[in-house]
Amino acid sequence: MIAMGTVTNFLLCSFVVGIAQSEVILHPDKPFERVKVLNQVKLRCCYSSPTTRPSEITWIKRSSNKTQALRAVELSDFVIKRRAKLSVNFSCSTLTFQRVQLEDTGMYQCWLNDSKLLSHGTYLQVYKHLEKTLNLKESTKNKILTAEGVLLLLCVLGPSITFLFKSKRLNQLEKKKVKKEEENIYQGLNLDECWSTYDQIERAQTHGPYQDVGNVKEEEEPIQLEKP
């Protein structure tokens with residue numbers, strides 16, 4: 001009889017817990033929260049329960065590294081958990097980070113101990129602005145920009161000026177080459193032979209290649225006439 005009563009009590013308790021679990025309603029959590037490092041941030045999860053006594057809640061962090069298991073959030077002076085009952089059946093739990101750190105990034109969920117339910121969760125992303133590597137004054141920046149502009153101008157004009165000088169030099173070399181070729185044309189000529197040939201051509205054009213037989217006198221020595 002005692003064993004029978006124990007079994008009956010166990011079944012009744014399981015039935016009651018099942019009914020309570022089915023009646024607990026989890027409200028949607030904020031899916032994403034992005035905050036700058038060292039700022040304050042609050043995460044909240046809410047639920048509705050038919051019982052007037054709020055459930056005990058444990059905040060759980062799921063790290064971005066999937067190899068790590070779920071672990072409870074460690075509370076401290078900078079990480080504070082509070083519970084608020086807003087109405088008879090509506091309760092919420094808040095997790096406040098006073099000065100959030102980069103390693104606090106991860107998925108945060110509420111574990112309802114009584115009903116064994118896990119909230120949808122909020123993913124907390126902690127970011128940090130990139131710091132300036134060089135802290136320069138405005139006057140220094142202006143000088144750097146001016147120097148960059150001068151260098152850019154030199155890079156554009158330098159090749160053009162070099163090309164013009166090369167073109168001018170090539171033209172001079174081409175002129176020298178043409179002049180040298182002209183000098184080589186007349187270099188092998190004999191001026192005396194040229195003048196002799198020129199005189200023969202002039203004489204032939206003046207007297208003609210034939211002589212008039214009627215104008216030849218008897219006392220003159222016979223001249224060998226050219227045949228036409």
Side-chain angles (χ1 to χ4, degrees), residues 26-47 57-84 86 91-111 118-185:
L26 292 172
H27 293 269
D29 299 331
K30 187 176 181 180
F32 182 77
E33 186 75 37
R34 189 170 185 266
V35 64
K36 186 179 178 181
V37 66
L38 300 181
N39 284 359
Q40 185 187 79
V41 62
K42 289 184 178 182
L43 305 179
R44 188 176 72 166
C45 67
C46 299
Y47 64 95
I57 291 178
T58 302
W59 279 91
I60 293 176
K61 179 183 178 182
R62 189 190 300 270
S63 179
S64 57
N65 187 359
K66 296 181 180 180
T67 58
Q68 295 183 0
L70 297 176
R71 62 182 181 86
V73 177
E74 297 181 2
L75 303 178
S76 63
D77 294 338
F78 299 99
V79 183
I80 303 170
K81 182 183 73 171
R82 288 189 175 90
R83 185 177 59 186
L86 303 180
S91 301
C92 292
S93 178
T94 58
L95 185 66
T96 304
F97 293 87
Q98 300 292 350
R99 294 167 60 89
V100 70
Q101 304 295 327
L102 292 176
E103 55 269 18
D104 293 330
T105 299
M107 175 70 75
Y108 289 85
Q109 296 173 280
C110 288
W111 174 257
L118 193 64
S119 66
H120 305 92
T122 301
Y123 186 82
L124 176 64
Q125 182 185 25
V126 183
Y127 70 93
K128 181 180 180 181
H129 284 303
L130 294 177
E131 298 179 356
K132 294 182 179 179
T133 305
L134 297 176
N135 190 8
L136 301 177
K137 297 180 180 180
E138 291 297 328
S139 58
T140 305
K141 292 179 181 178
N142 293 333
K143 292 179 180 179
I144 293 175
L145 292 175
T146 304
E148 289 179 351
V150 173
L151 291 176
L152 182 60
L153 182 62
L154 292 177
C155 291
V156 174
L157 295 180
S160 302
I161 295 174
T162 304
F163 179 75
L164 291 176
F165 278 112
K166 287 184 178 180
S167 300
K168 185 177 180 180
R169 185 179 178 185
L170 290 175
N171 291 332
Q172 292 177 354
L173 292 175
E174 188 68 23
K175 291 180 180 179
K176 289 182 179 179
K177 183 178 179 181
V178 172
K179 186 176 180 181
K180 189 174 182 181
E181 289 178 352
E182 292 178 353
E183 292 177 354
N184 292 335
I185 291 174

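Quick note: numbers below take in every heavy atom, side chains included, and nothing from hydrogens, waters or symmetry partners. The residues of the chain are indexed from 1 along the displayed sequence.
- From Cys46, atom SG reaches atom CG of Leu26 across 10.0 Å, with rounding to the nearest 0.5 Å.
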Derivation and outcome, side-chain contact (heavy atoms from CB on, under 4.5 Å), residues Leu43 and Phe97
CA-CA 9 Å; Leu43 305 179; Phe97 293 87; 4.1 Å; yes

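- Residue Arg71 holds its CZ atom at 11.0 Å from CD1 of Ile60, rounded to the nearest 0.5 Å.
- Without hydrogens or angle criteria, Thr58 side chain to Trp111 main chain gives no donor-acceptor distance under 3.5 Å.
- A distance of 10.0 Å separates OG1 in Thr94 from NZ in Lys81, rounded to the nearest 0.5 Å.
- By the 4.5 Å heavy-atom criterion applied to side chains, Pro31 and Tyr123 are not counted as neighbours.
- Enclosure of atom OH in Tyr127 by more than 12 non-hydrogen atoms of other residues, nucleotides or ligands within 6.0 angstrom is indicated.
- When the SG-SG distance for Cys110 and Cys45 is compared with the 2.5 Å cut-off, it comes out below that value.
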Which donor-acceptor pairs under 3.5 Å do the side chains of residues 145-161 make with protein atoms, sequence neighbours left out?
from, atom 1, to, atom 2, distance (Å)
Thr146, OG1, Asn142, O, 2.8
Ser160, OG, Val156, O, 3.4

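- In the displayed structure, Glu103 atom CD is contacted under 6.0 Å by more than 12 heavy atoms of other residues, nucleotides or ligands.
- Side-chain contact between Gln98 and Ile80 is present, with heavy atoms from C-beta onward closer than 4.5 Å.
- Side-chain contact between Thr96 and Gln40: present, with at least one pair of heavy atoms (C-beta onward) separated by less than 4.5 Å.
- Distance alone, capped at 3.5 Å, is enough to place a donor-acceptor pair between the Thr105 side chain and the Val126 backbone.
- Of the inter-residue distances, the one linking Arg82 atom CZ with Ser93 atom OG reads 11.0 Å to the nearest 0.5 angstrom.
- Between the side chain of Gln109 and the main chain of Ser119, a donor-acceptor pair closer than 3.5 Å is present.
- Applying the 6.0 Å contact sphere to NE2 of His120 captures no more than 12 heavy atoms from other residues, nucleotides or ligands.
- The structure places CZ of Phe32 at 10.0 Å from CE of Met107, a figure rounded to the nearest 0.5 Å.
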Leu118 vs Arg62, test: side-chain contact (heavy atoms from CB on, under 4.5 Å). Steps then yes/no.
CA-CA 12 Å; Leu118 193 64; Arg62 189 190 300 270; 4.1 Å; yes

Determine, step by step, whether Val37 and Asp104 satisfy the side-chain contact (heavy atoms from CB on, under 4.5 Å) criterion, reporting the C-alpha distance in whole Å, the side-chain angles of both residues, the deciding distance to 0.1 Å, and the verdict.
CA-CA 9 Å; Val37 66; Asp104 293 330; over 6 Å; no

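- How far CZ of Arg44 is from CD of Glu33: 11.5 Å, rounded to the nearest 0.5 Å.
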